[in-house]
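Below, read A as the first sequence line, B as the second, and so on, with proteins coming before strands; counting in each chain starts at 1. Quick note: numbers below take in every heavy atom, side chains included, and nothing from hydrogens, waters or symmetry partners.
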Amino acid sequence: MNAPTSSSSDFIRDIVAADRAAGRHGGRVVTRFPPEPNGYLHIGHAKAICLNFGIAAENPGGICHLRFDDTNPTTEDPEYVHAIQDDVRWLGFDWQGNMFYASDYFERLHAFAVTLIRKEKAYVDSLTAEQMREYRGTLTEPGRNSPFRARSIDENLDLFARMRAGECPDGAHVLRAKIDMASPNINLRDPVLYRIRHATHYRTGTTWCIYPAYDFAHPLSDALEGITHSLCTLEFEDHRPLYDWVVAESEVPHRPQQIEFARLNLTFTVMSKRKMLELVGKKLVAGWDDPRLPTIRGLRRRGVTPEAVRAFCEHIGVAKRDAIVEMQLLEHFIREDLNKRSPRVMAVLKPLKVTIDNFPEGVVEELEAVNNPEDPSAGTRKVPFSRNLYIEQDDFRETPPAQYFRLSPGREVRLRYGYILKCVSATKHPESGEITELHCTYDPDTKSGSPQAQRKVKATIHWVSASHAIQAEVRLYNPLFVTDPAKIPTDDEWTRHLNPHSIERLTGCLVEPSLSGAPAGARVQFERQGYFCVDPDSSPTAMVFNRTVPLKDPWAKIDKSQQSR
RNA sequence: UGGGGGAUCGUCUAGCGGUAGGACGCCGGUCUUUGGAGCCGGCUACCUAGGUUCGAUUCCUAGUCCCCCAGCCA
């Protein structure tokens, strides 16, 4: 009992393992990731991707297909098809040539529909959408049979042919399964199998004007591809009897099995395509790759690595209960991953000028800095040190509170990789009283790493050399919502709950010169400021950095204790 | 008062009749030539009520609460 279990174990993997052990499907395991190309992939999709591709990879000979569920011509676009492939690949998965489109099955799907009509398992209904809704009944009342339900096979065949031939306007008829209008499961009350849509499909053009519905196309696509385990989210549980009905009545040789799991929800963000589309459409975010969005592209632009996403997905597990995962958990995996791979550099977000009065003018000393204390192989670099520096405004207090060990008049701190610095005086703006410059002295005997550098001071601060530092803009990304979306009561005007400070732009930041020419996507950790990623918009003279994980002020404890005094 | 699902620390998850485990988070300590890192310690959970059993988170019964379903979306 209570034996430690592998992190990649869940009820679905148990089912798959049991099926293999029982020799079902000839011991084969074939899964699929079936997005509709009507939007960009997000972290919720990443969960499904990791699950489907993961299960395939764990089972000898297992494969996972990528299939575009493109059965609705009005919402789909090749832009999404490309983006989806790109994102799946970026996440590190390979469909090994097994990429399919439901639209490639349209002819075969149509043939199945004709077969169903011949078996009197499907009929053409000519009720309007509103009438159909009335006939369907409610959750508590059974539905009634459509007056068209009794049409003859020949009439149905003829009508269905006319539908296909384009003789009927949108909405004139639909093809419905003949199941049971009194079923307590509403999905079984003669669901629509085909509808008329005079629209141009991004792949089949105007070849078709009738399109199969999800409930018809999906199970048959699975069957056609030999999918063994068709994993989908919980809201399709009620569709499983229909899924099985379609597969059974269509008499396909292969019987895939639908298994449902809970979709991923994250605090302080949205995962619904509809809402994301609204944010993008109303320009409340910059685009699908806005780093505040939980899209794969947004995460990527923020500097999140595929390894971090996969580690997160593996950790959250797969279960049937509804869950809302805390954003901090995702951030934990991002930090953990970045911590190992990000070189540390010094940066000053809110600069305060410092002049070292006893350091000669015009002299530049090269100090050696460690690139990554956790990875010796990352090596070292030279950082220029001179008479004029900038430090972080927060690293100086004119009247230091208790427990504040950084600079203040008369106090000493160590400059990271450099010398001990002593503050002599602070210059103030004559009117605002704002500190504009610090005059300091340094102790030449305290160079970092030198044997004489024994003296200890209470704090170490970071800095950049004024004449060497490069200009930067830093974008700080905060939670998208002020209130957790799960707690927002109504659906309308939900965008009012967006955090007005979800992005803060800091211009005039300074970073050390080693970052000059850092490519877009390069990840760094600014000493004490967090993890940042070079944005594609970056220019060599004024770099743009996106923060990957919201910052918790490391000194907050001190400041808090100050406030409460 | 229809049908389908689900309830374990604040959060996510393990458990399959035998001392309720892990992770995040939080709290405290420690280290310090960055820390938000590292290290050490602590925190809090089986929806309820019955029953079966030597023993129930696990099995049974009855409740309670939560989620999903009435698109010609997927």
Chemist: On a whole-Å scale, what distance lies between the P atoms belonging to rC26(B) and rC67(B)?
Modeler: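 Here rC26(B) and rC67(B) have their P atoms 28 Å from each other.
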
Chemist: Out of rG35(B), rG22(B), rU33(B), which nucleotide sits closest to the side chain of Pro373(A)?
Modeler: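 So the side chain of Pro373(A) is nearest to rG35(B).
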
Chemist: With salt bridge (charged side-chain N to carboxylate O under 4.0 Å, His left out) as the test, pick out the partner of Glu412(A) among Lys422(A), Lys458(A), Arg455(A).
Modeler: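 Of the listed residues Lys422(A), Lys458(A), Arg455(A), the salt bridge (charged side-chain N to carboxylate O under 4.0 Å, His left out) partner of Glu412(A) is Arg455(A).
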
Chemist: Please give, in whole Å, the distance from rA23(B) P to Ile334(A) CD1?
Modeler: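 It works out to 20 Å between those atoms.
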
Chemist: I'd like to check His218(A) versus Asp222(A) (side-chain heavy atoms, cut-off strictly below 4.5 Å). Are they in contact?
Modeler: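 A side-chain contact exists here, since the closest heavy-atom pair is under 4.5 Å.
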
Chemist: For Val174(A), report the nucleic acid contact type (base, sugar-phosphate, nothing); a contact means any heavy atom under 4.0 Å.
Modeler: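 Base, at least one base heavy atom under 4.0 Å.
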
Chemist: Round to the nearest Å and state the distance from Leu329(A) atom CG to rG22(B) atom P.
Modeler: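 Between P of rG22(B) and CG of Leu329(A): 16 Å.
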
Chemist: For rA37(B), give the paired nucleotide (Watson-Crick: N1-N3 plus N6-O4 or O6-N4; G-U: N1-O2 and O6-N3; both under 3.5 Å), or none.
Modeler: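 Across any shown strand, rA37(B) pairs with none.
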
Chemist: At less than 4.0 Å, is any side-chain N or O atom of Arg416(A) found next to OP1 or OP2 of rG35(B)? Yes or no.
Modeler: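 Looking at the OP1 and OP2 atoms of rG35(B), neither is under 4.0 Å from any side-chain N or O of Arg416(A).
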
Chemist: Under the 6.0 Å and 45° cation-pi test, does Arg144(A) pair with Tyr135(A)?
Modeler: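 The answer is yes; both the distance and angle limits are met.
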
Chemist: Whether Arg321(A) contacts rU13(B) is assessed here as follows: a side-chain N or O lying under 4.0 Å from the phosphate OP1 or OP2. Is that the case?
Modeler: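 Yes.
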
Chemist: For Tyr243(A) and rA74(B), give me the distance from atom OH to atom C1', rounded to whole Å.
Modeler: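 My rounded result for the distance is 14 Å.
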
Chemist: Is there a donor and acceptor pair, one atom on the side chain of Ser448(A) and one on the base of rU33(B), closer than 3.5 Å?
Modeler: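 Between rU33(B) and Ser448(A), which were checked side chain against base, a qualifying N/O pair under 3.5 Å is present.
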
Chemist: Is any side-chain heavy atom of Pro294(A) closer than 4.5 Å to one of Met276(A)?
Modeler: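 Sidechains of Pro294(A) and Met276(A): in contact.
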
Chemist: With respect to the phosphate group of rA74(B), does any side-chain polar atom (N or O) of Thr71(A) fall under 4.0 Å of OP1 or OP2?
Modeler: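 For rA74(B), OP1 or OP2 has a side-chain N or O of Thr71(A) closer than 4.0 Å.
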
Chemist: If only side-chain N and O atoms count, and only distance matters, is there a donor-acceptor pair under 3.5 Å linking Arg547(A) with Asn478(A)?
Modeler: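 On atom types as modelled, these side chains qualify, holding a pair under 3.5 Å.
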
Chemist: Grab the two heavy atoms, one from Trp288(A) and one from Thr295(A), that are nearest each other, plus how far apart they are.
Modeler: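 Here Trp288(A) and Thr295(A) meet closest at O-OG1, 2.7 Å.
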
Chemist: Within the structure shown, what part of the strands sits under 4.0 Å from Thr128(A) by heavy-atom distance: base, sugar-phosphate, or nothing?
Modeler: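 Base, at least one base atom sits under 4.0 Å.
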
Chemist: Could you measure between the two P atoms, the one in rG63(B) and the one in rG28(B), and give it in whole Å?
Modeler: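 To the nearest whole Å, 48 Å.
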
Chemist: Take the protein atom NE2 of His173(A) and the nucleotide atom P of rC72(B), then report the distance between them rounded to whole Å.
Modeler: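 About 16 Å, once rounded to whole Å.
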
Chemist: Could you state the CG-P distance from Asn185(A) to rA70(B), rounded to the nearest angstrom?
Modeler: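 Spelled out: CG on Asn185(A) to P on rA70(B) is 11 Å.
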
Chemist: Can you name the one residue among Thr204(A), Leu66(A), Val81(A), Asp69(A) that meets side-chain contact (heavy atoms from CB on, under 4.5 Å) with Tyr101(A)?
Modeler: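 With Tyr101(A) as partner, Thr204(A), Leu66(A), Val81(A), Asp69(A) yield a single side-chain contact (heavy atoms from CB on, under 4.5 Å), made by Val81(A).
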
Chemist: Is any side-chain heavy atom of Met163(A) closer than 4.5 Å to a side-chain heavy atom of Cys168(A)?
Modeler: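 Of all side-chain heavy-atom pairs linking Cys168(A) with Met163(A), at least one is under 4.5 Å.
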
Chemist: On a plain distance test, is the side chain of Gln525(A) in donor-acceptor contact with the base of rG35(B) below 3.5 Å?
Modeler: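 When only heavy-atom distances are counted, Gln525(A) does reach the base of rG35(B) through a donor-acceptor pair under 3.5 Å.
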
Chemist: Can you give me the N/O atom pairs linking the protein to nucleotides 37-42 of chain B at distances under 3.5 Å, or say none if there are none?
Modeler:
unit_1  : atom_1 : unit_2    : atom_2 : d
rA37(B) : O2'    : Asn339(A) : ND2    : 2.8
rA37(B) : O2'    : Glu374(A) : OE2    : 3.0

Chemist: Quote, to the nearest angstrom, the C1' distance that separates rG4(B) from rG36(B).
Modeler: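 The same atom, C1', in both gives a distance of 45 Å.
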
Chemist: Select base, sugar-phosphate, or nothing to describe what Gln328(A) touches, counting heavy atoms under 4.0 Å on all strands.
Modeler: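 If one applies the 4.0 Å heavy-atom cut-off, Gln328(A) turns out to touch the sugar-phosphate alone, with no base involved.
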
Chemist: Which is more 5' along RNA chain B, the nucleotide nearest Phe526(A) or the one nearest Ala262(A)? Just name the residue.
Modeler: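 On the 5' side of the pair lies Ala262(A).
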
Chemist: Check whether any side-chain N or O of Lys273(A) sits under 4.0 Å from OP1 or OP2 of rA74(B), and answer yes or no.
Modeler: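 For Lys273(A), the contact criterion (side-chain N or O under 4.0 Å from OP1 or OP2 of rA74(B)) is not met.
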
Chemist: Closer to the 5' end of RNA chain B via nearest nucleotide, is it Lys47(A) or Pro212(A)?
Modeler: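 Its nucleotide being nearer the 5' end, the pick is Lys47(A).
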
Chemist: So what's rU57(B) paired with, Watson-Crick or G-U wobble, going by both distances under 3.5 Å?
Modeler: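 Partner of rU57(B): none found under 3.5 Å.
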
Chemist: Has Arg406(A) got a side-chain N or O lying under 4.0 Å from the OP1 or OP2 atom of rG35(B)?
Modeler: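 No, Arg406(A) has no side-chain N/O under 4.0 Å of OP1/OP2 on rG35(B).
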
Chemist: Rounding to an integer number of Å, can you tell me how far Phe11(A) CZ sits from rA7(B) P?
Modeler: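 Roughly 10 Å, once rounded to whole Å.
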
Chemist: Between rC9(B) and rU48(B), how far apart are the P atoms? Round to whole Å, please.
Modeler: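 Taking atom P in both rU48(B) and rC9(B), they lie 10 Å apart.
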
Chemist: Ile324(A) near the nucleic acid: base, sugar-phosphate alone, or nothing, with a heavy-atom cut-off under 4.0 Å?
Modeler: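 Answer is sugar-phosphate: Ile324(A) comes under 4.0 Å of backbone atoms only.
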
Chemist: Distance only, no hydrogens: is a donor on one side chain within 3.5 Å (strictly under) of an acceptor on the other, for Thr305(A) and Arg523(A)?
Modeler: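 Per modelled atom types, Thr305(A) and Arg523(A) side chains form no pair under 3.5 Å.
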
Chemist: Distance check needed: rC69(B) C1' versus Arg263(A) CZ, whole Å only.
Modeler: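 Result: 14 Å.
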
Chemist: So His218(A), base contact, sugar-phosphate only, or nothing? Heavy-atom distance under 4.0 Å.
Modeler: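 It contacts nothing in the nucleic acid.
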
Chemist: Taking atom C1' of rG3(B) as reference, at what distance in whole Å does atom CD1 of Ile186(A) sit?
Modeler: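 From Ile186(A) CD1 to rG3(B) C1': 8 Å.
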
Chemist: Between Thr71(A) (side chain only) and Tyr214(A) (backbone N and O only), is there a donor and an acceptor less than 3.5 Å apart?
Modeler: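 Not a single qualifying donor-acceptor pair exists.
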
Chemist: Quote, to the nearest angstrom, the P distance that separates rA14(B) from rU52(B).
Modeler: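 Taking atom P in both rA14(B) and rU52(B), they lie 31 Å apart.
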
Chemist: Can you identify which nucleotide, out of rG5(B), rG3(B), rC72(B), has its nearest atom closest to the Pro184(A) side chain?
Modeler: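 Looking only at side-chain atoms, Pro184(A) lies closest to rG3(B).
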
Chemist: Any donor-acceptor pair, under 3.5 Å, between the side chain of Glu260(A) and the base of rG5(B), if you only look at N and O atoms?
Modeler: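 Under the 3.5 Å cut-off, the side chain and the base do not form any donor-acceptor pair.
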
